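Heads up, the thing below is written out as structure tokens.
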Amino acid sequence: MLTAYETYKKEGFGAAMARWAAFNDIDYGNLEFEPGAQLSPMTDERLANSDFFITHEMPACSTVQLDGAGRGRTGQDEPNVRRSNP
């Protein structure tokens, strides 16, 4: 299966985001917006930001592994952060 990054390089931004949404079980056809809200059109600047996100941020996020072992120790939802001093 192609990753979103590979799809982006072969098929473009729209196809990559569709693959990413499907992987994350996001149904963009069912999103709710405030009445009268409209999405902004794609500009060259937004496309450049999207390129950076897909080529730099998205691959970094896919390699992160959360440490859930410490979750709930205090009875609160804490960020799953590895600490150097337990």
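The model shown is predicted, which means the values in this text are computed figures rather than measured ones.
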Is it true that, when you exclude Asp27 itself, more than 12 heavy atoms of the residues, nucleotides or ligands shown sit nearer than 6.0 Å to its CG? yes
Do you know the tightest heavy-atom contact between Ala16 and Ala4? CB-O, 3.3 Å
Under 3.5 Å donor-acceptor, Arg19 side chain and Gly14 backbone: no
Main chain of Thr3, side chain of Glu6: is a donor-acceptor contact present, judged purely on distance under 3.5 Å? yes
Gap between atom [atom2] of [Y] and atom [atom1] of [X] - 0.5 Å precision:
X: Arg46; Y: Phe53; atom1: CZ; atom2: CZ; answer: 13.0 Å
X: Asp51; Y: Phe13; atom1: CG; atom2: CZ; answer: 10.0 Å
X: Met42; Y: Ser50; atom1: CE; atom2: OG; answer: 4.5 Å
X: Tyr5; Y: Ile54; atom1: OH; atom2: CD1; answer: 10.0 Å

With a 4.5 Å cut-off on side-chain heavy atoms, are Thr55 and Lys9 touching? yes
Mind checking whether Leu47 and Phe52 sit in one hydrophobic cluster, side chains of I, L, V, M, F, W, Y counted as touching below 4.5 Å? no
